[in-house]
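What follows is a single structure, written as structure tokens, with notes after it.
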Amino acid sequence: MRTLISCVLFRVSLLAALLVLAGCGQSKPGAGDAKKFLEDAEQKLNSLGVESGRASWVQENFITDDTEALSAASGQRAGDEAVRLAKQAKQFDGVQVSADDARKLNLLKIGFTLAPPSDPKESAEVSKLAASLDATYGKGKYCKDGQGSAPATCLDINDITKIMANSTNPAELLDVWKGWHTISLPMRKDFTRFVELSNKGAAELGFKDTGAMWRSKYDMSADDFSKELDRLWEQVRPLYVSLHAYVRARLHQKYGNLVPENGPLPAHLMGNIWAQDWSNVYKLVAPADADPGYDLTQILKSRKTDPIQMVKYGEGFFKSLGFDPLPETFWKRSLFVKPRDREVVCHASAWDVDNVNDLRIKMCIDITEEDFTTIHHELGHNFYQRAYNTQPILFRDSANDGFHEAIGDTIALSVTPEYLVKLGFLPKAPDASKDMGLLLKKALEKIAFLPFGLMIDQWRWRVFSGEIPPDKYNEAWWQLRLKYQGIAPPEPRSDEFFDPGAKYHVPANVPYTRYFLADILQFQFHRALAEAAGCPGQSSTPLHRCSIYESKEAGTKLNRMLAMGLSKPWQDALQEITGKREMDATAIRDYFAPLQKWLDEQNKGKPVGW
């Protein structure tokens, strides 16, 4: 009997021990497990990201069905792994880890532009749709039948851009405007399905929809971020409304009733296919005696500047601040000129293919003032990418995506007459009496862009949420353009059209709010860096004439912020460069203060608003 009892007790003890061991195997992971998970995740994501980046580079530079397929496949592998890791990261919710590891775990869960669904077929489908939409835009052309025996002529986005910039023939502008907007007709069905699958992937990660996922990336709640955008827009809206009223009155003088005295501006007469930048109508709206006395495009052409030298000027600006030169591979691997033998995506972009030092830009450079500025912008991305390349992989990005876009534009604000004198482009800077023309020209670029930069994602977020259904895509697009921009189509646009797809960032699935933020931040950065450079300091130099060119003090301040990457909340990075933790559009108002006063005088007694 005693033996039987002992045997039973032994078996009970053995069972208890096994249960304890089983419990140990299922115990909640600890900080060490989280660290190991993150190390493995970063290594895997980096490897797949480099592979995907190379495939994307080839696909955008050699547009074929095969390169589309390869790019889609590599993008799918990277996307699938990122989603898998995001879901696995949830096992560490509630685990006490270091501040850096906690930030990395959160970034794993929110770092998506596109979250593929977990179903393999749907994941493959959404990746193919993404590559196809991008390629459809890249191959887009408006083709017109030739007259008589003449062959048909086809215009790509570069051709369209030149016509929109230089022509003042309303019939020609209407023709190319309508023509370019036909390229997006085949996208509508694919885009609708893309939204459906994109939302499904976002929901699997715990987000309401893809738009909510995008808004979660700003170190504040999605709702608070939306309110922040509203606050910033209200700070600058009065300046935009004044500019809109002035431009409308001057274009009415030029085009008569094609531009109403009171109401929205017609989209095809603004010098840009998307009416997002009005710089090209400056010649039609410039104030009397405001000619600055120089034309940068003509200066560049008269000096026989080639595309490589254009980029060298941009690099030289960063070098003057104390940054190292770009690597030799940059000059060997970048695309600077549109090839004659193949289709490429000409939309300017900056690349960091290996996440270390394989920096490149891809653009079809024209010798113009606009491309001179764009090059500074794209190189801003490259120098930012290199500045944070020693951070852990998950921190190799900008403080928020608006920061990345703002850096190059901050440099471009220093492309002042004084800077052009230092380059030897001008014998001397024009006097202050020419400033109103310079400010107006800058406002036609920067201020005119603000509502467009805001409304793209206002439309997309409503599409993702279902507030805008597919049969209202086009109607809602133009309603928002009217609300924010005071812009209307030149003729009625039914929902058989898909006009949003005629803007690269929609078919390419590139979030756009970053550009609105960049437009705000660049002036805030410029004001802070100008102060570091001693401008205006004791001088009477206004903010819009300050250039940080050759200021090592400004370069040091800038580089400290760039090197932080995504390692800290954007508020910390903003404080590093400006001393403040809140985005502030008053820097724009400071920069354009003389123009605001002048516009208000010009608009007296005339309709304002639409």
Side-chain angles (χ1 to χ4, degrees), residues 53 56-63 137-141 155-166 271-273 277 279-280 294-321 323-353 357-386 405 407-409 411-415 419-420 422-426 445 504 549:
S56 294
W57 175 266
V58 173
Q59 186 257 322
E60 292 209 1
N61 284 277
F62 300 86
I63 302 175
Y137 183 92
K139 293 183 289 189
K141 284 186 174 68
L155 305 174
D156 63 15
I157 186 58
N158 275 5
D159 301 321
I160 296 284
T161 297
K162 290 174 183 176
I163 293 171
M164 295 296 293
N166 298 310
N272 174 273
I273 191 66
D277 180 337
S279 303
N280 292 315
Y294 69 91
D295 181 325
L296 182 53
T297 296
Q298 291 307 312
I299 290 172
L300 291 167
K301 290 180 176 178
S302 68
R303 295 169 66 91
K304 296 184 172 19
T305 308
D306 62 25
I308 297 294
Q309 186 57 52
M310 292 270 282
V311 182
K312 287 285 187 182
Y313 285 129
E315 180 196 36
F317 201 116
F318 285 90
K319 287 166 61 178
S320 83
L321 301 180
F323 290 86
D324 291 335
L326 291 161
E328 278 301 311
T329 53
F330 171 87
W331 304 101
K332 294 177 180 177
R333 298 172 183 173
S334 292
L335 177 77
F336 302 121
V337 179
K338 183 180 180 180
R340 296 180 179 179
D341 62 340
R342 66 183 191 272
E343 299 294 340
V344 299
V345 177
C346 272
H347 185 88
S349 54
W351 299 64
D352 178 14
V353 177
N357 209 36
D358 190 357
L359 306 171
R360 312 176 191 182
I361 64 169
K362 176 188 61 59
M363 62 183 294
C364 305
I365 297 173
D366 287 321
I367 309 304
T368 63
E369 179 177 1
E370 181 177 357
D371 276 11
F372 188 80
T373 301
T374 299
I375 287 165
H376 284 77
H377 173 96
E378 298 304 334
L379 292 184
H381 289 299
N382 286 147
F383 280 95
Y384 203 162
Q385 289 159 342
R386 187 166 63 181
E405 298 299 333
I407 293 305
D409 283 343
I411 300 301
L413 289 176
S414 283
V415 180
Y419 166 58
L420 299 180
K422 290 182 178 181
L423 290 183
F425 288 5
L426 296 175
E445 175 196 355
Y504 168 77
Y549 182 65

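Count residues from 1 along the sequence. Values below: all heavy atoms of this structure, side chains included; hydrogens, waters and symmetry mates excluded.
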Point to revise | Of all pairs that satisfy side chain to side chain donor-acceptor pair (under 3.5 Å), the ones with a partner from residues 298-312, not counting sequence neighbours | key: none

Validation row: [X], [Y] side chains within 4.5 angstrom (heavy atoms):
X	Y	value
Leu423	Tyr313	yes
His381	Glu405	yes
Trp331	Glu315	yes
Asn280	Met164	no
Tyr549	Ile411	no
Ile361	Phe330	yes
Ser414	Tyr419	no
Arg386	Asp324	yes

Exercise for review: Sort out for me which residue in Val344, Ile157, Val337 forms a side chain to side chain contact (heavy atoms under 4.5 Å, CB included) with Cys364.
Suggested key: Val344

Which pair of heavy atoms, one from [X] and one from [Y], lies closest together, and at what distance?
X	Y	value
Tyr504	Tyr137	N-CE1, 3.4 Å
Asp277	Asn272	O-CB, 3.2 Å
Ala412	His376	CB-CB, 4.4 Å
Asn357	Thr329	O-OG1, 4.0 Å

How many angstroms lie between [atom1] in [X] and [atom2] in [Y], if you round to the nearest 0.5 Å?
X	Y	atom1	atom2	result
Ile308	Phe336	CD1	CZ	4.0 Å
Phe318	Ile407	CZ	CD1	8.0 Å
Leu326	Lys319	CG	NZ	8.5 Å
Glu378	Met363	CD	CE	6.5 Å
Ile365	Asn158	CD1	CG	11.5 Å

Exercise for review: Sequence neighbours left out, what passes salt bridge (charged side-chain N to carboxylate O under 4.0 Å, His left out) with Glu343? Give chain and number order.
Suggested key: Lys141

Practice item. Check the pair Thr297, Phe372 against side-chain contact (heavy atoms from CB on, under 4.5 Å), reporting the backbone distance first and the verdict last. Key: CA-CA 9 Å; Thr297 296; Phe372 188 80; over 6 Å; no

[X] (side chain) donor-acceptor with [Y] (main chain) under 3.5 angstrom:
X	Y	result
Arg360	Trp57	no
His377	Thr373	no
Glu445	Ser279	no
Asn382	Trp351	yes

Point to revise | Full working for side-chain contact (heavy atoms from CB on, under 4.5 Å) between Tyr294 and Leu420 | key: CA-CA 10 Å; Tyr294 69 91; Leu420 299 180; 3.6 Å; yes

**Study point:** Residue pairs, two or more places apart or on separate chains, that pass salt bridge (Lys or Arg N to Asp or Glu O under 4.0 Å) and touch residues 365-375
**Key:** Lys162-Asp366, Glu369-Lys441

Practice item. Check the pair Arg342, Ile63 against side-chain contact (heavy atoms from CB on, under 4.5 Å), reporting the backbone distance first and the verdict last. Key: CA-CA 8 Å; Arg342 66 183 191 272; Ile63 302 175; over 6 Å; no

